[in-house]
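The next block holds one structure in the form of structure tokens; read it before the comments.
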Amino acid sequence: MKSPEVIDRIEKTLPETLRKCRYCGERPELYTRADRNYDGTEGFISTVRCSGCGASVFAFGLDVRDALVMAECYWEKGVLDA
């Protein structure tokens, strides 16, 4: 997990709106849900999914903000889940 200071720095680099999908050009959808990670730790999973082709990224965080910022960061950098 990233520290609050690191999350603050990452959040400052993100644009106001998420960029369009690098594969099909459609708009992404962002959603968050309460869940657990692989070892059972409770937290939140944020997912950014393309409304066109379905390309997606997700991130786990102990709080909603951590999960949102990391998922948005992965989307912007093009780190996609297979």
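As a basis for the values below, the full set of heavy atoms in this structure was taken, side chains included, without hydrogen atoms, waters or symmetry mates. Quick note: residue numbers are just sequence positions, from 1.
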Just wondering, do [Y] and [X] contact through their side chains at under 4.5 Å, heavy atoms?
X: Lys20; Y: Glu26; answer: no
X: Cys50; Y: Ser56; answer: no
X: Arg49; Y: Pro28; answer: no
X: Leu18; Y: Glu76; answer: yes

Minimum heavy-atom separation for [X] to [Y], with atom names?
X: Gly78; Y: Arg22; answer: CA-NH2, 3.2 Å
X: Cys24; Y: Cys53; answer: SG-N, 3.7 Å
X: Thr41; Y: Asp39; answer: OG1-OD1, 2.8 Å
X: Phe44; Y: Ala34; answer: CD2-CA, 3.7 Å

Linking I/L/V/M/F/W/Y whenever their side-chain heavy atoms sit closer than 4.5 Å, directly or via other members, would Tyr31 and Val79 fall into one cluster?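 Per the 4.5 Å side-chain linkage, Tyr31 and Val79 are not co-clustered.
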Those residues that, when tested against Glu42, pass salt bridge (charged side-chain N to carboxylate O under 4.0 Å, His left out) (two or more places apart):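 Expected list: Arg36.
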Using atom types as modelled, flag every donor-acceptor pair under 3.5 Å from a side chain in residues 60-75 to any protein atom, sequence neighbours excluded.
{"residue": "Asp63", "atom": "OD1", "partner": "Arg65", "partner atom": "N", "Å": "3.2"}
{"residue": "Asp63", "atom": "OD1", "partner": "Asp66", "partner atom": "N", "Å": "2.8"}
{"residue": "Arg65", "atom": "NE", "partner": "Glu11", "partner atom": "OE1", "Å": "3.3"}
{"residue": "Arg65", "atom": "NH1", "partner": "Asp8", "partner atom": "OD1", "Å": "3.3"}
{"residue": "Arg65", "atom": "NH2", "partner": "Asp8", "partner atom": "OD1", "Å": "2.3"}
{"residue": "Arg65", "atom": "NH2", "partner": "Glu11", "partner atom": "OE1", "Å": "2.7"}
{"residue": "Trp75", "atom": "NE1", "partner": "Arg19", "partner atom": "O", "Å": "3.0"}

Straight-line distance of Leu14 CG to Glu16 CD, nearest 0.5 Å: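 If we round to the nearest 0.5 Å, Leu14:CG and Glu16:CD are 10.0 Å apart.
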